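Take a look at the structure set out below.
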There are 4 protein chains.
Amino acid sequence: MTVAVIYGGTRECGNTEILTEQAVQNISVEKIYLKNYQISPIKDQRHTEGGFQDLNDDYNYILERILCHDILIFATPIYWFSMSGTMKLFIDRWSQTLKDPKYPYFKAAMSSKKAYVIAVGGDQPFLKGLPLIQQFQFIFNFIGMSFEGYVLGKGNKPNEIVQDREAIVAASQIQKTLIRQLETNRRYENGF
Amino acid sequence: MTVAVIYGGTRECGNTEILTEQAVQNISVEKIYLKNYQISPIKDQRHTEGGFQDLNDDYNYILERILCHDILIFATPIYWFSMSGTMKLFIDRWSQTLKDPKYPYFKAAMSSKKAYVIAVGGDQPFLKGLPLIQQFQFIFNFIGMSFEGYVLGKGNKPNEIVQDREAIVAASQIQKTLIRQLETNRRYENGF
Amino acid sequence: MTVAVIYGGTRECGNTEILTEQAVQNISVEKIYLKNYQISPIKDQRHTEGGFQDLNDDYNYILERILCHDILIFATPIYWFSMSGTMKLFIDRWSQTLKDPKYPYFKAAMSSKKAYVIAVGGDQPFLKGLPLIQQFQFIFNFIGMSFEGYVLGKGNKPNEIVQDREAIVAASQIQKTLIRQLETNRRYENGF
Amino acid sequence: MTVAVIYGGTRECGNTEILTEQAVQNISVEKIYLKNYQISPIKDQRHTEGGFQDLNDDYNYILERILCHDILIFATPIYWFSMSGTMKLFIDRWSQTLKDPKYPYFKAAMSSKKAYVIAVGGDQPFLKGLPLIQQFQFIFNFIGMSFEGYVLGKGNKPNEIVQDREAIVAASQIQKTLIRQLETNRRYENGF
């Protein structure tokens, strides 16, 4: 059982990353920084003859990375009360993968995963971030993932998140839960 | 007083466009299809020395187009319970414009505009589209625009939206309101 | 197939009632005015020995009235961004009925019904009424009812709702849908 | 600076009360159990000649109790994805107090207070409780109170809340914040 963090932010070591670090410290995770890849907007060709065309970007590479893992942490700054456009581009493309004959097991694979969301914003994120959480709920429901938890943190200027004690503590709680989940699974895999 | 429609979809003549057509028929509008432009993801350089760097894409061109108009209609398919990634990329960049010395009047200009949202999705949009509406509410509040109304339509396959009579009627109501707003304004400009 | 309207308001001929009238005109409906009945707050005795005790109020009478019908319209003024306390008292008591040996078929009966919501408020109901709609979505999902549609109208002073043309039109659309549903059913019952 | 807890639950020592206890332990608070009082549903007489009539119940007594305090904690079980009907009855009556010549300072007094919400439910409260939080946000905005924080806990059977470690920890965080707020204020009152 392994963990991937999917970062939607564009800043190095931004507040979202600092908060997420609290949730994954001392845990081996693969970190995927979406900003380092080229992800094209989806072209909705569900109803086009021939279906979706390959967009020749990095999307499939990232997809295959996340498919390896059992727990996915979606870590995004809150831009305009929603996930970053970059992260949205990535998720939009799932519609293409759902129809892609190369990934017939995509939905089944996703539906066995657990998901967490960590999001940081500057404008009352614990209230104005709630529609974002509800959207992730719908997204995870649709794809069949189990929504295990989230943290909404407050931060604007670099490093400001460390002053949001509630968020730091909540992220640490997620870390404890992750360790428990990984441990339980390890015992199980060992036949205990 | 003039109207622009900002399309976030990727399909030609998709359901969102059909529904929006109900709202703007017989009205002179400028239609902006975001899919026809290159819009880069924002790089959050608010706290970087030197600030935001020009991204050499089509964003500023589109921005200047919408700044000419008084009423903006955001027309987007609902992808994964939110606006399309393409539209999100566009809105994310407003953070850059807010700091751009070329557009010192950006927020003031936006805050005099009226906004509508027209969104079409396949999975219970009139319920699962509500977080999207709440996000637009926060977006418009932040930038100071007046949120005048919205329609959530149901459609998946090409042309399916025409079966959503409630949405079609609601879009026609928006058209009546638009005509009234344009007419009131024309009288006002004429000194009546 | 028959229709009941459950009114949560406290004013005679209030805006909610006027708007609802648009949705049910020329349709035979049973109107239940909750304000005319005594409904006690639930006592949560799910985990008490002996379970729920009869509260000797009008709740069961109202319950039996609504169980007779196939389509339920919940019509409530928006008080403090939610349904009226009176309507909430009524719905809270469903938890008791779910355990009541007198109504073993309660959930099954409810899950065959269709539901509509009509709500009127004075403070941006088409935006600030959305959490109320989401709650009804959860309520109907839980009990198994199908959420067929809703209207959020704007009105504060007596009769003000008639100025909200969008809401009036949307309520008329519900009326057309209701007539279609009743008609379809009638043909079905007649063996056509 | 003093704290009141307003309990909306109907069970003695229920999960909501246990969770709230984490937030107020070692703090002197006044606890108001709404279930112990008679609170009539509001009669909307805003537009009636003569205005609101006294309802001869315990509402004003409770109101005067909470007006004495600077920090209010609204502690409610989540019944049907919303606050309890009992708590809703209480809040609905604020509309009457807003017009009551006996309390001309009501809104001003409320607007200087800080508010917290603690709510416990059995059905995915951390997701399905979000509309409830949004409603409290609108309520507090309207009356001018500052929404300082909330905890959504999971519990159904008696005492089950203690297993929701995230909620217990979050409630403890609120306790720390409360102590800090009270301490800051004490220094201020003492002239430090």
Side-chain angles (χ1 to χ4, degrees), chain A residues 8-12 14-16 34-35 37-48 77-96 98 121-125 127-143 156-160, chain B residues 8-12 14-16 34-35 37-48 77-96 98 121-125 127-143 156-160:
Chain A
T10 61
R11 207 157 63 184
E12 302 288 330
N15 284 311
T16 306
L34 296 178
K35 71 181 167 62
Y37 298 97
Q38 217 276 308
I39 306 171
S40 298
I42 194 166
K43 285 208 179 107
D44 181 2
Q45 299 173 314
R46 286 173 302 163
H47 312 289
T48 311
I78 303 179
Y79 288 164
W80 295 92
F81 312 102
S82 180
M83 69 180 82
S84 72
T86 302
M87 184 171 277
K88 189 65 185 6
L89 288 182
F90 176 68
I91 289 177
D92 280 0
R93 290 285 293 284
W94 293 1
S95 299
Q96 179 163 1
L98 282 166
D123 183 10
Q124 293 191 288
L127 295 172
K128 297 187 183 170
L130 298 184
L132 167 63
I133 298 302
Q134 293 177 318
Q135 286 171 337
F136 271 114
Q137 177 186 13
F138 292 140
I139 290 169
F140 298 149
N141 275 353
F142 189 92
I143 207 73
N156 200 346
K157 294 187 200 137
N159 225 31
E160 200 178 12
Chain B
T10 62
R11 209 158 62 185
E12 302 288 332
N15 283 312
T16 306
L34 296 179
K35 71 181 168 62
Y37 298 97
Q38 218 275 309
I39 306 171
S40 299
I42 193 166
K43 286 207 179 106
D44 181 2
Q45 299 173 313
R46 285 173 301 164
H47 311 290
T48 311
I78 303 179
Y79 288 165
W80 295 94
F81 312 103
S82 181
M83 69 180 82
S84 72
T86 302
M87 184 170 277
K88 189 65 182 10
L89 288 181
F90 176 68
I91 289 177
D92 281 0
R93 291 286 293 284
W94 293 0
S95 299
Q96 180 163 1
L98 282 166
D123 182 12
Q124 292 192 286
L127 295 172
K128 296 186 183 171
L130 298 185
L132 167 64
I133 298 303
Q134 292 176 319
Q135 286 171 337
F136 271 114
Q137 177 187 11
F138 292 140
I139 290 169
F140 297 148
N141 275 353
F142 189 93
I143 207 73
N156 199 346
K157 294 188 201 136
N159 227 30
E160 200 177 13

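Note that the structure is a prediction, hence the values are computed from the model and not measured. All chains are named by letter (A, B, ...) in the order of the sequence lines, taking the proteins before the strands, and each is independently numbered beginning at 1.
Contact of B:Ile39 with chain A is not made at all, since no heavy-atom distance falls under 4.5 Å. For a residue to count as touching a neighbouring chain, one of its non-hydrogen atoms must lie under 4.5 Å from one of that chain's; by this rule A:Leu132 touches chain B with backbone and side chain alike. Contact annotation for B:Asn156: both backbone and side-chain heavy atoms come within less than 4.5 Å of a heavy atom of chain A. Interface remark: A:Leu130 contributes no atoms to any contact with chain B (heavy atom separation under 4.5 Å).
Per-residue heavy-atom pair counts under 4.5 Å with chain A were compared for B:Asp92, B:Asp123, B:Asp44, and the maximum is reached by B:Asp92. If you tally non-hydrogen atom pairs under 4.5 Å between each of A:Gln134, A:Met87, A:Gln45 and chain B, the highest count goes to A:Gln134. Put simply, of B:Ile133, B:Ile42, B:Ile139, the one with the most heavy-atom pairs under 4.5 Å next to chain A is B:Ile139. For the set B:Ser82, B:Ser95, B:Pro41, B:Gly9, the count of heavy-atom pairs under 4.5 angstrom toward chain A peaks at B:Ser82.
Side-chain atoms of A:Arg11 never come within 3.5 Å of backbone atoms of B:Thr48 as a donor-acceptor pair (strictly under, hydrogens ignored).
Contact annotation: the side chain of B:Phe138 never approaches that of A:Leu127 to less than 4.5 Å [non-hydrogen atoms, C-beta and beyond]. Counting heavy atoms from C-beta outward, A:Lys128 and B:Gln137 have side chains that stay 4.5 Å or more apart.
Contact detail for B:Met83 and B:Phe136: the closest heavy-atom pair is CE-CZ, 3.7 Å.
No side-chain donor from either of A:Thr86 and A:Tyr37 sits under 3.5 Å from a side-chain acceptor of the other.
Between B:Trp80 and A:Phe142, the two ring planes are perpendicular [angle over 60°; tilted spans 30° to 60°].
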